[in-house]
Amino acid sequence: MTSRTGVPSFTPILTAAALVLLLTTAVVAKEPGRFVPASRPTPLAPDRGDLPPTVITQSFLDLVDAVEASDPSPEGRSGDDTPPPPRAEVRSQPDPVGPSPVSKGPQRQSELLPAPSPKANAGITVAPPRPSAALELPDLALDDRDEPLTLQEVLQSVLIHYPLLQAVERERGIASGKLTTAMGAFDTNVNMAGNALAPGTYENYRSDFGLSQQFMTGGISAFGGFRTGYGDFPTYNLAQKTANAGEWRGGITLPFAKNRDIDRPRAARAQAELDVALAEPVIERGRLDWMRAAARSYWAWQGSGERFGAGERLLDLAVRRDGELEQKVARGATANIERIDNQQNIALRNGLIVQADRAMQQAAIDLSLYHRDPSGRPLLARRSRMRQVPEPVQPTVVLYQDSLARALGSRPEFQRLSLQREKLLVERRLAANQTLPNLDGQLTGNQDAGFGKSALSGNDGLDRQVLQASLIFQLPAQRRDARGRLQTAESQLMQIDRQLSFAEDQVRAEVQDAFSLLERAYEFHKQARTRLELARLVAGAEREQLRLGRSDVLRVTLREQAKFDAEIFEISARQEFWRAESDLRAADTSLGPESPGLLREMTVRQGPLDE
């Protein structure tokens with residue numbers, strides 16, 4: 001042929017020659033029947049001095065002898081135990097001068113690979129992982145019932161058996177004890193004394209009995225008593241002598257300014273009563289925190305079971321495919337390296353099963369802190385109690401509004417701060433009262449009784465009848481103690497007011513954040529679900545391509561791994577949704593065994609996704 005300029009063109013001739021050469025080479029080239037792991041590294045072209053130092057010159061695979069692999073005779077495929085012939089060393093040969101000869105014999109465009117010998121088929125056996133010995137440890141309480149373990153059951157166990165909740169509930173007893181201590185200031189005091197002086201210049205015998213009482217009203221206090229004094233008394237102690245029936249006495253004290261409206265004993269009693277009420281929000285806060293932690297552990301445990309199931313299904317695909325590849329290799333339709341590749345994939349997926357089993361055990365151990373038997377002993381829930389994590393439910397604005405209203409009305413932080421504010425009001429009231437002067441009125445009296453009280457006994461007679469009224473005034477000039485306490489109380493009240501204002505903002509923000517997490521988790525799950533469905537379609541199509549001979553194990557493995565990752569992703573998305581739902585219910589105080597929350601609208605998937 002010639003070009004437009006008249007010069008002969010060799011392009012078509014060269015193209016045709018290249019095509020013939022390519023087809024002839026494709027017919028001659030054959031894929032080896034099998035590679036098996038080498039017992040020791042085999043040197044490749046050790047005397048090649050033109051190779052860079054980074055090139056590995058050793059092989060870690062043995063190539064089955066071409067004659068043995070391609071021998072179609074029964075002898076070549078016999079199953080005897082004759083050891084294989086020694087492997088010939090691969091020596092470097094000088095590069096040939098000139099083009100390599102091309103086989104011109106007629107060959108089929110497509111032919112089966114030569115069947116490998118039985119010895120070549122003997123590869124490494126992939127053993128399944130052994131069952132975990134952690135479940136056979138002594139003194140384990142296992143829960144292997146068949147009915148599903150519900151969140152309500154776990155939360156009920158927390159209310160009844162959780163040790164830390166039981167510990168915080170003792171706050172009621174602590175507060176009651178403090179109240180009893182504060183009431184001790186109003187106990188009736190009993191005083192008794194006896195004295196005998198004998199022998200001596202003045203022999204006498206004396207006894208004294210008295211009662212005193214602080215009242216809870218008006219700061220009033222009263223006392224009363226009886227005493228006797230017999231014998232000889234010196235003139236300077238004649239007041240100790242009584243008539244033969246003794247002497248009765250009594251009195252009352254009335255504050256007119258300081259300590260009238262409130263005093264330290266009454267302030268301590270009022271604050272102790274507030275401490276009794278203050279124990280309830282502390283207990284409620286602990287209950288919500290531990291219920292939230294129990295719910296999160298529950299959903300983590302449920303998801304770990306689904307992850308384990310996904311790993312089992314992934315492994316089952318590789319195991320089934322290994323049987324199919326074994327038959328193909330035996331027929332010579334597939335190179336044995338494909339089966340070796342699939343077997344290492346089985347080993348990899350066995351490792352995933354071990355890791356998933358460990359994660360499931362860890363989740364069961366964490367859940368056992370909240371899931372307990374009637375005696376309070378932690379229970380390890382087995383896989384028989386697991387069910388799939390429910391499908392998410394779309395949250396609405398009405399849910400947010402109800403949660404916010406409930407939280408602003410029942411969060412324990414508001415009750416706790418309000419009670420602390422009342423305690424500070426009591427302290428400020430006491431401090432203001434202590435700035436007043438101490439002005440007390442007292443009325444006391446005593447009366448002798450019995451023989452010897454006659455007025456005829458003279459100036460030293462024992463007919464004593466005394467009624468005495470007193471007015472006592474006392475005032476510190478600077479009153480710095482009272483004024484300092486008043487200033488402290490007022491500053492603390494300002495702190496509480498700011499904390500109350502912030503608590504409302506904080507609760508509102510927590511509810512908003514929990515709802516935002518819940519709503520975004522729902523949308524996130526939708527995308528994860530779509531991704532899983534698409535990955536499942538791609539994996540199924542790739543397996544069909546492998547069945548038709550249009551794909552290989554590597555591509556199928558990548559597709560199945562992508563589908564497995566998508567399935568784990570979707571399980572995590574469902575877990576995240578229900579964890580967010582538990583957080584929202586903890587934020588609005590509705591989390592508990594009696595409130596199912598969004599679980600009343602849930603949809604439970606009955607089985608794993610189809611492969």
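Note that the structure is a prediction, hence the values are computed from the model and not measured.
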Task: Glu413 with Arg416: basic N within carboxylate O range, under 4.0 Å - done: no

Open item on the list: When you compare the side chain of Leu517 with that of Glu576, does any pair of heavy atoms fall below 4.5 Å?
Closed with: yes

Task: Neighbour count >12 (heavy atoms, 6.0 Å) for atom CD, Gln213 - done: yes

Open item on the list: Closer than 4.0 angstrom, basic N to acidic O: yes or no for Glu273 and Lys178?
Closed with: no

Open item on the list: Between Arg508 and Asp505, does any side-chain N to carboxylate O distance fall below 4.0 Å?
Closed with: no

TODO: State, yes or no, whether a side-chain contact exists between Val154 and Leu149 at a heavy-atom distance under 4.5 Å.
DONE: yes

Task: N-O pairing of Arg145 and Glu153 below 4.0 Å - done: yes

Open item on the list: Assess whether a salt bridge exists between Asp583 and Arg292, defined as any Lys/Arg side-chain N lying under 4.0 Å from an Asp/Glu carboxylate O.
Closed with: yes

TODO: For residues Tyr202 and Phe233, establish whether the separation of their ring centroids is below 6.0 Å.
DONE: no

Open item on the list: I want to check something: taking the side chain as every heavy atom from C-beta on, are Leu278 and Gln420 in contact at a cut-off of under 4.5 Å?
Closed with: yes

Open item on the list: How long is the straight-line distance from NZ of Lys526 back to CZ of Phe577, given to the nearest 0.5 Å?
Closed with: 12.0 Å

TODO: Let me know which of Arg358, Met360, Gln361 forms a side-chain contact (heavy atoms from CB on, under 4.5 Å) with Ser132.
DONE: Gln361

- [ ] With Arg411 as reference, evaluate Glu284, Arg406, Arg285 under the side-chain contact (heavy atoms from CB on, under 4.5 Å) test and give the passing residue.
- [x] Arg285

Task: Side chain to side chain, Glu247 and Thr228, heavy atoms closer than 4.5 Å - done: no

TODO: Could you tell me whether Arg385 and Asp144 have a side-chain N and a carboxylate O separated by less than 4.0 Å?
DONE: no

Open item on the list: Using 0.5 Å steps for rounding, measure from the CD1 atom of Ile365 to the CG atom of Leu380.
Closed with: 6.0 Å

- [ ] Name the orientation class of the two ring planes belonging to Tyr370 and Tyr162 (parallel below 30°, tilted from 30 to 60°, perpendicular beyond 60°).
- [x] parallel

Task: Residue pair Arg266 / Gln271, side-chain donor-acceptor N/O under 3.5 Å - done: no

Open item on the list: Could you check whether Arg428 and Thr488, counting side-chain N and O atoms only, form a donor-acceptor pair closer than 3.5 Å?
Closed with: no

Task: salt_bridge(Lys423, Glu427) N-O dist < 4.0 Å - done: no

- [ ] Give a yes or no on whether the ring-centroid distance for Phe256 and Phe473 is below 6.0 angstrom.
- [x] no

Task: Side chain to side chain, Arg585 and Ser595, heavy atoms closer than 4.5 Å - done: yes

Open item on the list: Check Asp448 with Lys241, please: is the shortest side-chain N to carboxylate O separation under 4.0 Å?
Closed with: no

- [ ] Identify the two heavy atoms, one from Phe186 and one from Gln214, that lie closest to each other, and give their separation to 0.1 Å.
- [x] CD2-O, 3.5 Å

Open item on the list: Set out, in order, the CA-CA distance, both residues' side-chain angles and the distance that settles ring-ring contact (aromatic ring centres under 6.0 Å, His included) for Tyr205 and Tyr230, then state yes or no.
Closed with: CA-CA 5 Å; Tyr205 305 90; Tyr230 308 120; 8.4 Å; no

Open item on the list: Measuring only between side-chain heavy atoms, which start at C-beta, is Lys258 closer than 4.5 Å to Gln434?
Closed with: yes

